[in-house]
Amino acid sequence: MITIKKNDEIERMRKAGAITRDVLNVISDNVKPGITTKELDIIAYDYIKSCGAHPSFLGYRGYPASICASINEEVVHGIPGNRVLEEGQIISVDVGAYIDGYHGDAARTFAVGKISDENKKLIKITEESFFEGFKILKDGIRMGDLSHAIQSYVERAGFSVVRALVGHGIGREMHEDPSVPNFGMAGKGVRLCKNMTIAIEPMVNMGGYEVEFCSDGWTVKTKDRKPSAHYENTVLITSDSAEILTL
Ligand code: MF3
Ligand code: CO
């Protein structure tokens with residue numbers, strides 16, 4: 001069931017979204033060679049708690065941390081641990097904050113020190129693909145219009161979009177209907193309506209779109225072990241455009 005948010009719910013989603021955005025800014029300041037992903041997780045946990053919020057991911061289906069930290073060929077859902085960040089890596093950090101009964105969800109991919117031009121392009125195209133989709137959003141468009149805009153932008157740049165994982169509606173639950181694929185056909189799918197809130201999250205691979213699910217039960221990697229980037233925002237659909245709640 002797709003939920004349409006009332007004004008007071010939207011206010012709460014703005015609050016959850018602002019905290020989620022702020023956590024990512026704090027993480028951004030701390031991503032550098034030598035820090036462990038567990039240290040980043042603790043920084044996120046402490047920040048979220050200091051806002052009076054709760055980390056959306058912690059305990060979700062048994063997930064053991066507040067952030068997902070996915071390095072290089074890891075696509076999403078990397079579990080924080082003792083791994084030390086090294087110059088030249090790219091790291092995708094995904095985080096959610098829950099407050100007053102509503103969730104925010106967002107992700108960014110960061111450079112660890114100096115990175116290759118190829119990786120810079122991967123991060124840039126991934127972010128831009130979100131905005132290619134975002135700019136067509138308004139009441140009444142179809143999901144496939146959004147999906148197609150993201151996919152065609154990514155593929156024109158020579159990269160591929162992950163198919164096995166998609167974005168989602170968000171609100172009282174972190175994952176609500178509808179599914180928000182990053183691939184699809186214009187003119188198809190459900191209609192997006194004013195006051196729906198969705199998390200749009202392109203996962204973009206430098207090589208092929210195929211992924212593997214690892215034996216830790218969470219980490220998703222590219223099949224060809226080429227790098228992958230992730231960019232996500234929680235978005236409110238309005239009558240003639242949309243509002244990003246996590247930026
Ligand atoms: N943020 C992820 C998403 O966008 C969910 C992470 S799964 C969790 O759907 F278990 F880590 F919460
Ligand atoms: Co999400």
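Since this is a predicted model, take the numbers as computed values, not measurements. For ligands, and for the atoms within them, numbers begin at 1 and follow the listed sequence. Below, all heavy atoms of this structure are taken into account, side chains as well, without hydrogens, waters or symmetry copies.
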A student checking ligand 1 against W218 at a 4.0 Å heavy-atom cut-off should list atoms 10 (F)

E201 near ligand 1 by a heavy-atom separation under 4.0 Å: yes

Under a 3.5 Å distance rule, please check whether N72 uses its side chain to pair with a backbone N or O of I90 as donor and acceptor. yes

Regarding E201, does it place an N, O or S atom less than 2.8 Å from the Co ion (ligand 2)? yes

Search all heavy atoms of R172 against all heavy atoms of Y98 and return the closest pair with its distance. O-CE1, 4.1 Å

Can you find an N/O atom of D94 closer than 3.5 Å to an N/O atom of ligand 1? yes

Measure from atom 6 (C) of ligand 1 to every heavy atom in R61, H77, H230 and give the option owning the shortest one. H77

Return the residue, atom name and 0.1 Å-rounded distance of the protein heavy atom closest to atom 9 (O) of ligand 1. H175 NE2, 2.6 Å

Cationic tip of K32 within the cone over F110's six-membered ring, i.e. under 6.0 Å and within 45° of the normal? no

Within rounding of 10°, what is the angle whose vertex is the Co ion (ligand 2) and whose arms end at OD2 of D105 and OE2 of E232? 90°

NZ or CZ of R163 within 45° of F183 ring axis and under 6.0 Å: yes

What atoms of ligand 1 come closer than 4.0 angstrom to any heavy atom of D105? 1 (N), 3 (C), 4 (O), 9 (O)

Taking 4.0 angstrom as the limit and counting only heavy atoms of M174, give me the atoms of ligand 1 inside it, by number and element. 12 (F)

Go through ligand 1 atom by atom and flag the ones less than 4.0 Å from a non-hydrogen atom of E232. 4 (O)

Tell me, please: is C68 in heavy-atom contact with ligand 1, that is, under 4.0 Å? yes

List ligand 1 atoms under 4.0 Å from H168, heavy atoms only on the residue side. 3 (C), 4 (O), 9 (O)

Where is the tightest heavy-atom contact between V112 and E86, given as atom of each residue plus distance? CG1-O, 3.2 Å

H168 near the Co ion (ligand 2) via N/O/S, less than 2.8 Å: yes

